[in-house]
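Every value quoted in this text rests on a predicted model; they were computed, and no experiment measured them. Numbers restart at 1 for each chain; the letters A, B, ... are given by sequence-line order, proteins then strands. The figures here come from the full heavy-atom set of this structure, side chains too, leaving out hydrogens, waters and symmetry mates.
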Protein chains: 2
Amino acid sequence: MTINFQLEAPCPIALLLELVGDRWSPLIIRDAFYGVRRFDGFQQHLGISRKVLTMRLNALVQAEILKRERYQVKPDRYEYRLTIKGRELFPVLLTMMRWGNRWLVPAGQETVQLLHIGCGEKIEPKLVCSHCDEPISAADTRTMPGPGAGLEVVQAFRQIVRKSEHKPDM
Amino acid sequence: MTINFQLEAPCPIALLLELVGDRWSPLIIRDAFYGVRRFDGFQQHLGISRKVLTMRLNALVQAEILKRERYQVKPDRYEYRLTIKGRELFPVLLTMMRWGNRWLVPAGQETVQLLHIGCGEKIEPKLVCSHCDEPISAADTRTMPGPGAGLEVVQAFRQIVRKSEHKPDM
DNA sequence: ACAGCGAGTTCACAAAAGAAACCTACGTAA
DNA sequence: TTACGTAGGTTTCTTTTGTGAACTCGCTGT
C-alpha cells in the first residue's frame, strides 16, 4: 500500500494507520483502555477470530503500543498492557468517541460517557490551540509542509491547492 | 464483524469504525481536507486501486461524510466534498496527526505542521475538559455507562473492572 | 485420570483488496 | 475521419486477509 505522499515523505497519519489502521486494532486498544488485558478477554469481548487476534496483538507489541508481560509462571501466562506510547493514543480514541456519539448515536442514548475526575463533571473533550487556548477547527487552521518536508511534499501541497477549483476544505 | 459490546449496545467508536475503519477511508478523508475532490485526484495521490476507491467513495457518500456533486454537464462529471459531518472528523485526524508526529517521526523532521490562523502560530492541538478547561488524559478521566446503556453494557463494564487484577489503564 | 483454564496454533473456506485492462461520452487536433 | 486525451468509472483475475471451528500444551484442582 502506498500510503504516503507519492511514494515518499511520510505523512504522520499514514504512518499511524500503518500500525493501527485495520478494523480491529483500534477496538483492541479501546478495550485495553477499559482494562482488558488477557487474550481470552479480548477475544470474547470483541468476537474477533483467535488467529487474527494473535496477529494483531503481536503487531501492536511490535509497534510498542502494547507490551506483553508474564503475570504467572508454570504454566507461563501473559497479558497485554498499554505502553506510554499506547496510552497516548487516548486523545485519538476520545475524539472518535465524541464524533460517534454526536453523529451516530441518537441524542440522550449514549452508551458511554466521559467523567473528568479533576472537576467531577460529565464532560466532552474539546480541542484547543496549544498557544492561545482558543478552540480549533478545520476552518481556523491550515496544515502546511513541516521542517522535514522534501520538495515532493511541498509540490504535493501546491499541486492540490492549485488543482482545487475553490479553496481547500481544511 | 461483531464490533459492539457483546452483539448489542453500540459503542460510538465501533460505530465510527464501521464507517471509516478500513485502511483507506481515513486517508481519503485526509486528502479531502487537503482539498482533493476528484476521483483521479484521490487515485493518483493515494495509489489506491480504482475499484476499491469507487467502493470507498460510495460508502463515504452513503455515510454522509462526503457528498457527490456534479461540477460539469455533458459529459457529467462529479466531485466529492466533505459534508459538515465529514468536516467534524477534523479533530480525529488532528489527534492522529499529532500522535504520528510525536511517536513515528523523528523530532524536527515533521513533514506536516499545523498553523492556527487565529493567533498565527505553529501549534499542537490540545485536548481539554469542556467544563473546567483543564487538559485531559486517560489518567484523569473515567469512561462510564451513559444514559442509553442497557444492562449488558453496565455488566460489561463491571465485568471488565472486576476481572482486571489491577486498575484499568483508562 | 479426567475436566478445565489460558494462551495460543492449524486448517479449510470465504471475503476483500490489488493490478491492469476495458468502457463511455465528450472535446480537440490532424 | 481517425485518433488522442480526459474524467469517472467497471470488469476480470490473482493474491491477501479474515473467519470459524477444532486442536494443542502445560499445568491445577477434584
Side-chain angles (χ1 to χ4, degrees), chain A residues 1-4 7 14 17-28 31-32 35-62 66-81 159-160 162-165, chain B residues 1-4 6-7 14 17-28 31-32 36-62 66-81 159-160 162-165:
Chain A
M1 176 158 65
T2 310
I3 221 170
N4 292 321
L7 285 175
L17 289 170
E18 226 149 76
L19 301 185
V20 297
D22 66 283
R23 261 185 202 63
W24 289 113
S25 298
L27 292 173
I28 292 172
D31 276 11
V36 179
R37 304 228 167 91
R38 314 257 244 248
F39 190 93
D40 280 19
F42 290 111
Q43 202 274 316
Q44 285 163 39
H45 204 234
L46 297 172
I48 183 176
S49 91
R50 303 176 79 78
K51 186 181 92 172
V52 176
L53 179 56
T54 302
M55 297 194 309
R56 288 295 159 269
L57 288 173
N58 288 342
L60 290 170
V61 168
Q62 174 91 29
L66 296 179
K67 54 189 177 224
R68 184 168 179 269
E69 285 185 347
R70 187 167 59 206
Y71 68 91
Q72 170 191 301
V73 198
K74 290 215 273 178
D76 292 4
R77 292 282 150 79
Y78 298 89
E79 61 183 16
Y80 297 88
R81 318 192 50 165
Q159 199 190 345
I160 292 170
R162 185 159 22 84
K163 277 202 179 172
S164 298
E165 273 70 42
Chain B
M1 176 159 64
T2 310
I3 221 171
N4 291 322
Q6 321 279 26
L7 285 175
L17 289 170
E18 227 149 76
L19 301 186
V20 296
D22 66 283
R23 260 185 202 63
W24 289 113
S25 298
L27 292 173
I28 292 173
D31 276 11
V36 179
R37 304 225 167 92
R38 314 258 243 251
F39 190 93
D40 281 18
F42 290 110
Q43 202 273 316
Q44 285 162 39
H45 204 235
L46 296 172
I48 184 176
S49 91
R50 303 174 79 77
K51 183 182 86 172
V52 177
L53 179 56
T54 301
M55 297 193 311
R56 287 296 157 269
L57 288 173
N58 288 341
L60 289 170
V61 167
Q62 174 92 28
L66 296 178
K67 55 188 178 226
R68 185 167 180 269
E69 287 186 344
R70 187 167 58 205
Y71 67 90
Q72 171 192 300
V73 198
K74 288 216 273 177
D76 291 5
R77 292 283 150 78
Y78 298 89
E79 60 183 16
Y80 297 88
R81 318 193 51 164
Q159 198 190 348
I160 292 170
R162 186 161 18 86
K163 277 203 177 171
S164 299
E165 273 71 41

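- A sub-4.0 Å separation between OP1 or OP2 of C:dA16 and a side-chain N or O of A:Arg23 is absent.
- Closest to the side chain of A:Ile48, from the set C:dG8, C:dA17, D:dT19, is D:dT19.
- Atom OH of B:Tyr78 and atom P of D:dG9 are 8 Å apart (whole Å).
- In this structure A:Arg77 satisfies the side-chain hydrogen bond (donor to acceptor under 3.5 Å, both in side chains) test with no other residue, sequence neighbours excluded.
- Geometrically, B:Arg56 does not engage B:Phe42 in a cation-pi contact, judged by NZ or CZ lying under 6.0 Å from the ring centre and within 45° of the ring axis.
- Counting to the nearest Å, the P atom of D:dA7 and the OH atom of B:Tyr71 are 6 Å from each other.
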Please write out the pairs of protein N or O atoms and N or O atoms of nucleotides 26-30 of chain D separated by less than 3.5 Å, giving the distance to one decimal.
residue: D:dG26; atom: N2; partner: A:Arg77; partner atom: NH2; Å: 2.5
residue: D:dC27; atom: O3'; partner: A:Lys74; partner atom: O; Å: 3.3

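- For B:Lys51, taking side-chain heavy atoms from C-beta onward, the closest of the listed nucleotides C:dA19, D:dT19, D:dA7 is C:dA19.
- Spacing between atom CE of B:Met55 and atom P of C:dA16 amounts to 8 Å, rounded to whole angstrom units.
- Atom CD in A:Gln44 sits roughly 14 Å away from atom C1' in C:dG8 (whole-Å rounding).
- Atoms CG (A:Leu53) and C1' (C:dT10) sit 16 Å apart, rounded to a whole Å.
- The side-chain hydrogen bond (donor to acceptor under 3.5 Å, both in side chains) search around A:Asp40 returns A:Arg50, not counting sequence neighbours.
- Distance from the side chain of B:Arg50 is smallest for C:dA21 among the nucleotides C:dA17, C:dA21, C:dT9.
- Note on A:Trp24: every side-chain N or O is 4.0 Å or more away from OP1 and OP2 of D:dT17.
- Backbone-only engagement by A:Arg68 is indicated by non-hydrogen atom pairs under 4.0 Å involving sugar-phosphate atoms exclusively.
- Atom P of nucleotide C:dG6 and atom CG of A:Leu57 are separated by 16 Å, given to the nearest angstrom.
- Contact annotation: B:Tyr80 does not reach the phosphate of D:dA7 (side-chain N/O to OP1 or OP2, under 4.0 Å).
- As rounded to whole Å, 13 Å separates atom C1' of D:dG18 from atom CD1 of A:Ile28.
- Within the nucleic acid shown, B:Arg70 has no heavy atom closer than 4.0 Å to any nucleic acid atom.
- Taking atom CG of residue A:Leu27 and atom P of nucleotide D:dG18, one finds them 13 Å apart after rounding to whole Å.
- Of the listed nucleotides (D:dG18, C:dA19, C:dT9), C:dT9 has the atom at the smallest distance from the side chain of A:Thr54.
- For B:Arg56, whose side chain is taken as the heavy atoms from C-beta onward, the closest listed nucleotide among D:dT19, C:dA16, D:dT17 is C:dA16.
- Looking at B:Tyr80 and B:Arg68, their side chains do bring a donor and an acceptor atom within 3.5 Å of each other.
- The shortest side-chain heavy-atom distance between B:Thr54 and B:Phe39 falls under the 4.5 Å cut-off.
- A donor-acceptor contact closer than 3.5 angstrom links the side chains of B:Tyr71 and B:Arg38.
- No more than 12 heavy atoms of other residues, nucleotides or ligands shown are found within 6.0 angstrom of CD on A:Gln62.
- The shortest heavy-atom contact between B:Leu19 and B:Leu60 is O-CD2, 4.4 Å.
- Taking only side-chain atoms of B:Arg38, from C-beta outward, the nucleotide of C:dA17, D:dG8, D:dA22 with the closest atom is D:dG8.
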